[in-house]
Amino acid sequence: MDDLEKTAAELRAAHAEGRGAVELALLSRDRMGSAFGVISFIAAFRMAFDVPLPVLQRAQAWERFGWGGVQISDEEFSALLSPWLTD
């Protein structure tokens with residue numbers, strides 16, 4: 001199991017414990033450390049929750065990532081990902 005697969009497994013476990021989109025994104029950033037970026041964020045969430053690529057491309061604009069450009073708030077980020085993070 002590589003680091004991305006481990007991160008995806010940790011995201012699924014954290015989600016099962018009730019963590020939401022914001023907490024999961026911060027967890028993925030913490031777990032991946034310096035390897036964290038746009039591609040690793042998208043890959044981890046696709047692997048963990050099968051979120052469609054266009055949704056994740058929009059989610060990468062989350063203000064806490066600080067990747068520049070037009071940014072979305074915590075609320076928008078959570079709402080965007082919520083259909084894939086429901087039980």
Side-chain angles (χ1 to χ4, degrees):
M1 182 181 294
D2 66 19
D3 289 342
L4 190 57
E5 290 170 326
K6 288 177 186 174
T7 299
E10 287 186 42
L11 292 175
R12 284 189 295 272
H15 177 254
E17 294 171 357
R19 293 191 188 173
V22 168
E23 293 171 302
L24 294 171
L26 294 173
L27 175 64
S28 69
R29 185 171 64 184
D30 290 345
R31 293 295 184 254
M32 289 189 249
S34 63
F36 185 77
V38 172
I39 301 300
S40 59
F41 161 72
I42 288 173
F45 270 72
R46 276 193 58 81
M47 190 177 292
F49 306 111
D50 200 29
V51 180
L53 184 57
V55 173
L56 291 169
Q57 288 172 321
R58 176 70 182 128
Q60 73 178 343
W62 183 39
E63 62 192 3
R64 292 201 202 189
F65 288 149
W67 289 325
V70 176
Q71 298 185 338
I72 61 173
S73 67
D74 286 357
E75 293 79 19
E76 291 171 291
F77 182 79
S78 294
L80 187 63
L81 295 174
S82 67
W84 293 273
L85 299 177
T86 57
D87 293 326

When rounded to the nearest 0.5 angstrom, what is the spacing between CD in E76 and CD in E63?
-> 8.0 Å
Would you say the side-chain atoms of S78 and E75 include a donor-acceptor pair closer than 3.5 Å?
-> no
Could you go through the side-chain contact (heavy atoms from CB on, under 4.5 Å) check for Q57 and V38 one step at a time?
-> CA-CA 9 Å; Q57 288 172 321; V38 172; over 6 Å; no
Rounded to the nearest 0.5 angstrom, the CE-CG distance for M47 and L4 is 4.0 Å
Output for pair (S28 OG, F41 CZ), nearest 0.5 Å, gives 6.5 Å
Are V70 and I72 in one and the same hydrophobic cluster, where Ile, Leu, Val, Met, Phe, Trp and Tyr link if side-chain heavy atoms are under 4.5 Å apart?
-> no
Which pair of non-hydrogen atoms, one from L26 and one from R64, has the smallest distance, and what is that distance?
-> CD1-NH1, 3.4 Å
Working to the nearest 0.5 Å, report the span between NE2 of H15 and CG of L81.
-> 10.0 Å
Going by the angle between their ring planes, with limits at 30° and 60°, are F65 and W67 parallel, tilted or perpendicular?
-> parallel
Scanning both residues in full, the closest heavy-atom pair of A35 with S40 reads O-OG, 3.1 Å
Nearest heavy-atom contact between P83 and T86 is O-OG1, 3.4 Å
Those residues that, when tested against E23, pass side chain to side chain contact (heavy atoms under 4.5 Å, CB included) (two or more places apart) = R19
For L27 against E10, the heavy-atom pair lying closest together = CD2-O, 4.0 Å
Answer yes or no: is there a side-chain heavy-atom contact under 4.5 Å between L11 and R31?
-> no
Nearest heavy-atom approach of A48 to A8 is CB-O, 3.6 Å
Option among L24, L56, V55 that satisfies the side-chain contact (heavy atoms from CB on, under 4.5 Å) test with F49 = L24
State whether the number of non-hydrogen atoms from other residues, nucleotides or ligands found under 6.0 Å of I39 atom CD1 is greater than 12.
-> no
Does any non-hydrogen side-chain atom of D50 lie less than 4.5 Å from one of W84?
-> no
Distance, nearest 0.5 Å, that separates CE of M32 from OG1 of T7 = 4.5 Å
Considering non-hydrogen atoms only, spot the tightest contact between A25 and W62 and give its length.
-> CB-CZ3, 3.5 Å
